[in-house]
Amino acid sequence: MIRKLTGGLAALLLLQSAVADTTTAADMAALDQRTQSLKQAVLDLNRELFILEEELLYPANTQVSVFVSMDVGEYFELDSIELTLDGKDVTNYLYTEREVDALYRGGVQQLYLGNLKVGDHELIAVLTGEGPHERDYRRGATLNFDKSIGAKFVELRISDSEAKMQPEFIVREWE
Amino acid sequence: MHKRFQLLLAALTCLVMPGVGASPAKLVDGPAPDFALRSTAGRNLRLSEFRSEVVVLNFWSKWCGKCGPAMSSLERLHREYADADVNVIGVAVEGKPEKAAAAVAEYGLTYPMLLDATQQVSKQYDLSRLPATLVIDREGTVRSFYQGSDAGSQPQLAADVSALLAD
């Protein structure tokens, strides 16, 4: 009788422990799910704020963006880019090793985001760095463009000219 | 939606008034303003690339008498935490690169020394006295600020750094 009672008690304790474990695991899973959904909500809100901010500060009608990309880069190690728009310095960006490496690996950087009126404009980019034979290199690239209604995207591309064994800097508008 | 608008308004206010909260004492518990500067070794360094590590940022100038001893003290700190995620970074305010390089050699500094020749960064941090040292945590938040003779107080800085490493 005592043996039966002890066995029953042990079985009850085991059952209780199993139920408690299941409840805790279920609670934890629910909490984890709630945390994940809260995290997602924060990310969504942050994204919405970013878009709203961009729309307010840089309306599509006047927006101008300048992007930097690199193709190979064997003859040039980028150090800095100075950007002038209509004679006004708009940015002077120093590149770290990590940033240059990201560009080498195909990254595209938004160097400048601003507003421009409709009409003719001049963009000058002065690039400095280390050129062939480890020499200091400083070269300018100019783009004259017509800003119409709508956002304008400009790409500043650094590539190698195998024929000249020199770096090449191309500034072009994105259609 | 109303809350979102308020949040956006607050964010925009911060954007159009960059001077607000820029004083180093006011910077404590706030984000350390990001910057990129050229170092005496020729490399460019950006503060935000040290995120996830503790940074001890020291501003100094050749004309400041207390700056030399502070830098010697920071060099000891740099060596003490050489194997930890701690970066001591010096910023030479004004002056020519050669003078900063000479100071690096004179005090035997092995930590990176950046050149703020145009004082753009020291203005960003709104420094009124030199030397000035900021301790920045792994998240990029300024946790303490010292200036004058306190800027090189090794026991205090070591205590701050140890506390942040333990966080």
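Chain letters run A, B, ... following the sequence lines, proteins first and then strands; every chain starts at 1.
When heavy atoms are compared at a cutoff of 4.5 Å, Arg43(B) approaches chain A solely by way of its side chain, counted from C-beta outward.
The two residues Glu49(B) and Arg98(A) make their nearest non-hydrogen contact at O-NH2, 3.2 Å. Between Asn44(B) and Asp79(A), the shortest heavy-atom distance links the atoms ND2-OD1, 3.0 Å.
Annotation: side chain of Arg38(B) is in contact with side chain of Leu94(A) (closest heavy-atom distance under 4.5 Å).
Other residues, nucleotides and ligands place more than 12 heavy atoms under 6.0 Å from the CD1 atom of Ile51(A). The 12-atom threshold is not exceeded at CD of Glu134(A), counting heavy atoms of other residues, nucleotides or ligands nearer than 6.0 Å. Shown here is Arg76(B), whose CZ atom has more than 12 heavy atoms of other residues, nucleotides or ligands within 6.0 Å. Counting non-hydrogen atoms of other residues, nucleotides and ligands closer than 6.0 Å to CG of Asp136(A) gives a total of 12 or fewer.
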